[in-house]
Amino acid sequence: MVKIGKLFSKMKLDDASSVMSKFTGKTSPATLPPVNGITPVDAPVDAAHPAATKSRIRKGKSKSPTPTSDAVAETRDEPPTTSADPSDHEFPVSDADEQSFDDSLVSPSDDASATCEGTVETYDEELTQVSTEEKSYDDGDEDYTYDETATNQETNTVISVNTAKGNEMSKKYFHKDVVLNSLEDGANSLVIRAMYFIPKPKAEDHVVVKIEASTISARDCMKCRGVGLTKADLPFVPGYEVVGTIQALGNKVKADGQFRDGDRVAGVSTFGGGNSRFISIPATRLTKFTNNVKSTQAVCMIHDYMAALKALRLAKKSGSPFTGMNILVTDGFSPVGQAIINLASMEGAEIYCCADESKHSYLASLGAKCFVKSPEAWLPTATGTFDVVIDNSCTDSYSSSWFALNAKGMLVCMSPVYNIDNDELPHAACGLVEITELQQKWAGIKAKYMMSQTCFMNTATAYDDDREQYKQDLRYLMFLLERGEVKPKVAERVSLEDVPDAQRLMQSGRANGTVVCVPWIEE
């Protein structure tokens, strides 16, 4: 040891390491080159895990083919073999990509400069204070972004880009939703809520679904305007129909064995929550379906086409087809109205519909003959004409529709009807009761108990009225969609950030078809 000390006193530190190796057979740790004037001696690099360190990549200048975590495209909506844009699909991190992470190291001072902010709310409405490291930050005049690999600092293990376990920190599966916190200003009160973890199943009979697409409907618009919603229901996340893949299972669902991780499902929620990246929903409200259809088209089947199919079935007598029969739809331009036209045309029916004159040319291209909306204009010449009338507008409490029936005709009254194009909703009893709500309740009583040749249908409770029949009908519609026999009209595909604008579009009456929220696309 005396000899070693003398050698150390005469040699530089880097030479001493080589001498030490001669005597002990061990090599001292190599000193890393300084980064920004700081030598990262406190953060040894594990050569076996080169991805354990975060790297910074200049936006737009990265050589790695891996897309950023926010650029996640709509699942299954485009065939992976035909898309030329790498952001349309999820790419696994290759070995070559992981090795490239070792080329640039972030100093401790740079890590400390990343912005942290905010209290985030969990999906089950519990408040949790977490450190939310920003996806991007400013360093001088240049913008940088972190790569997709997140490191768990406590266990010194890498969280894979495909990690999606309950409440684990993850860059890839970054949870967001659209939430209404106030009833004062309708869609203007909608905000984006961001969370850096995946929600767990809320109950043993729940599953967590990673949402591929959800609807933005007239029901959502009216809820956000305070119709059927109270302050006790806040915060409220709109969206009642969802399509996605199962991400996590509750204990009871696991034991039942009906569903497994990765199953593709369609769901109907009773409490909203669909305009989100993940939802915890009872397994009994889910239906498995094929992987061979687009999610944005599949979600149209759940509400619009299902309501149309049930209305047409109520109008049938002894299961006979509609070939040659005259069918009137009182609101042909609505998503449900277009679905009725599509399904009835498949059976050879003669279809008539009511709509604004500006929509007549489009509806004529679908094979429908058009009337103006006002019953006073078309009823005098159409009284006693139609074999089937489907009233999905409730313009005059179904009265004009009933008079349009022939002696053996059938009237199907659909409810509830959401008049979202009214800027001001009339109130009665000092604003405690909606006049329109009272009118629809009275119309429903008439249809159920006072009007002959009439069937009443509540679209809001259609799932719970007969769940097994609903699921079988949904599988049938998915089969038709897969074969290309039905072609749902998708008006817009929007991101979570665009949901408020999408609701305003619907209220303007300019949305031609179903507006679909795709939560994994960005603005």
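In terms of modelled atom types and a separation under 3.5 Å, the side chain of Thr215 and the main chain of Ser217 share no donor-acceptor contact. Formation of a donor-acceptor pair under 3.5 Å by the Asp220 side chain with backbone atoms of Gly239 is found in this model. A donor-acceptor pair under 3.5 Å links the side-chain atoms of Lys223 to the main chain of Gly228, judged by distance alone. Formation of a donor-acceptor pair under 3.5 Å by the Asp396 side chain with backbone atoms of Ser400 is found in this model. Using modelled atom types, no side-chain atom of Lys210 and backbone atom of Ala248 make a donor-acceptor pair closer than 3.5 Å. Within the 3.5 Å criterion, the main-chain N or O of Ser399 finds no donor-acceptor partner in the side chain of Ser397. No side-chain donor-acceptor contact under 3.5 Å links Ser276 to the backbone of Gly274. In this structure a side-chain-to-backbone donor-acceptor pair under 3.5 Å is present from Gln440 to Val417. Checking side-chain atoms of Trp402 against main-chain N and O of Ala447 turns up no donor-acceptor pair under 3.5 Å. A side-chain donor-acceptor contact under 3.5 Å links Thr330 to the backbone of Asn392.
Residue pairs satisfying the salt bridge (Lys or Arg N to Asp or Glu O under 4.0 Å) criterion with at least one member in residues 345-365, sequence neighbours excluded, are listed as follows: Lys316-Glu347, Glu350-Lys369. Applying the salt bridge (Lys or Arg N to Asp or Glu O under 4.0 Å) rule to pairs touching residues 446-463 yields nothing, sequence neighbours excluded. Screening residues 377-387 for side-chain hydrogen bond (donor to acceptor under 3.5 Å, both in side chains) gives Asp387-Asn406 as the qualifying pairs, with residues at least two apart or on separate chains.
Looking only at side-chain heavy atoms (C-beta outward), Asp261 and Ile246 come within less than 4.5 Å of each other. Side-chain atoms of Tyr470 and Asp466, non-hydrogen and from C-beta on, never get closer than 4.5 Å to each other. The shortest distance between side-chain heavy atoms of Val494 and Val518 does not fall below 4.5 Å. For the pair Asn512 and Lys489, the minimum side-chain heavy-atom distance is below 4.5 Å. Counting heavy atoms from C-beta on, the side chains of Glu497 and Lys176 come closer than 4.5 Å. Side-chain contact between Val179 and Leu190 is absent, with no heavy atoms from C-beta onward closer than 4.5 Å. At least one side-chain heavy atom of Met457 sits less than 4.5 Å from a side-chain heavy atom of Lys310. Between Leu477 and Val486, the closest side-chain pair of non-hydrogen atoms is not below 4.5 Å.
Listed here is the closest heavy atom pair of Leu180 and Leu183: CD2-CD2, 4.0 Å. Residues Ser345 and Ile351 approach most closely at OG-CD1, 3.1 Å, considering heavy atoms. Listed here is the closest heavy atom pair of Val208 and Pro201: CG2-N, 3.4 Å. Taking every heavy atom of both residues into account, Ser280 and Phe271 meet most closely at O-CZ, 3.5 Å. The two residues Thr454 and Met410 have their closest heavy-atom pair at N-SD, 4.0 Å. In plain terms, the two heavy atoms of Ser415 and Phe456 that are nearest each other are CB-CZ, 3.5 Å.
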Quick one, Val388 with Met325, criterion side chain to side chain contact (heavy atoms under 4.5 Å, CB included). Give me CA distance, side-chain angles, the key distance, then yes/no. CA-CA 8 Å; Val388 174; Met325 298 178 68; 4.2 Å; yes
When you look at Phe174 and Arg277, which way does the side chain to side chain contact (heavy atoms under 4.5 Å, CB included) test go after all the steps? CA-CA 8 Å; Phe174 174 50; Arg277 288 188 168 179; 3.9 Å; yes
Does the pair Leu496 and Ile192 meet the rule for a side chain to side chain contact (heavy atoms under 4.5 Å, CB included), with working shown? CA-CA 8 Å; Leu496 290 172; Ile192 299 295; 4.1 Å; yes
What do the steps show when you test Asn181 against Val191 for side chain to side chain contact (heavy atoms under 4.5 Å, CB included), and what is the final call? CA-CA 8 Å; Asn181 290 317; Val191 297; 3.7 Å; yes
side-chain hydrogen bond (donor to acceptor under 3.5 Å, both in side chains) between Asp185 and Ser189, worked out: CA-CA 6 Å; Asp185 201 13; Ser189 299; 5.2 Å; no
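Legend: residues meeting salt bridge (Lys or Arg N to Asp or Glu O under 4.0 Å) with Lys252, ordered by chain and number and at least two apart, are absent. For Arg313, the salt bridge (Lys or Arg N to Asp or Glu O under 4.0 Å) partners two or more places apart in sequence, or in a different chain, are Asp473. By the side chain to side chain contact (heavy atoms under 4.5 Å, CB included) test, Gln453 pairs with Leu405, sequence neighbours left out. Residues satisfying the side chain to side chain contact (heavy atoms under 4.5 Å, CB included) test with Ala203, not counting sequence neighbours, are Asp205, His206. Qualifying salt bridge (Lys or Arg N to Asp or Glu O under 4.0 Å) partners for Arg504, counting only residues two or more places apart in sequence or in other chains: Asp501. Residues passing the side chain to side chain contact (heavy atoms under 4.5 Å, CB included) test with Arg467, sequence neighbours excluded: Thr284, Arg285, Tyr463, Asp464. Partners of Thr287 under the side chain to side chain contact (heavy atoms under 4.5 Å, CB included) rule, at least two apart in sequence or in another chain, are Lys471, Leu474, Arg475. Judged as a salt bridge (Lys or Arg N to Asp or Glu O under 4.0 Å), and not counting sequence neighbours, Glu204 has no contacts.
Here Phe197 contributes atom CZ and His175 contributes atom NE2; the two are 7.5 Å apart, rounded to the nearest 0.5 Å. Atom CZ of Phe333 sits about 9.5 Å away from atom NZ of Lys373, to the nearest 0.5 Å. Atoms OG and CG, from Ser393 and Asp331 in turn, are 6.0 Å apart once rounded to the nearest 0.5 Å. Here OG1 of Thr245 is found 6.0 Å from CD of Gln247. Values are rounded to the nearest 0.5 Å. The structure places CG of Asn275 at 8.0 Å from CD1 of Ile211, a figure rounded to the nearest 0.5 Å. Rounding to the nearest 0.5 angstrom, the gap separating the CG atom in Leu312 from the CE atom in Met346 is 10.5 Å.
Between Phe371 and Phe386, the ring planes are perpendicular. Angles over 60° get that label, and only those under 30° would be called parallel.
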For residues 300-307, which side-chain N or O atoms pair as donor and acceptor with protein atoms under 3.5 Å away, sequence neighbours left out?
residue	atom	partner	partner atom	Å
Asp304	OD2	Thr514	OG1	2.5
Tyr305	OH	Asn342	OD1	2.7

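Sparse packing is recorded around CZ of Phe403, with 12 or fewer heavy atoms of other residues, nucleotides or ligands lying under 6.0 Å away.
Annotation: cation-pi pair Arg219/Tyr240 present, NZ/CZ under 6.0 Å from the ring centroid and within 45° of its normal.
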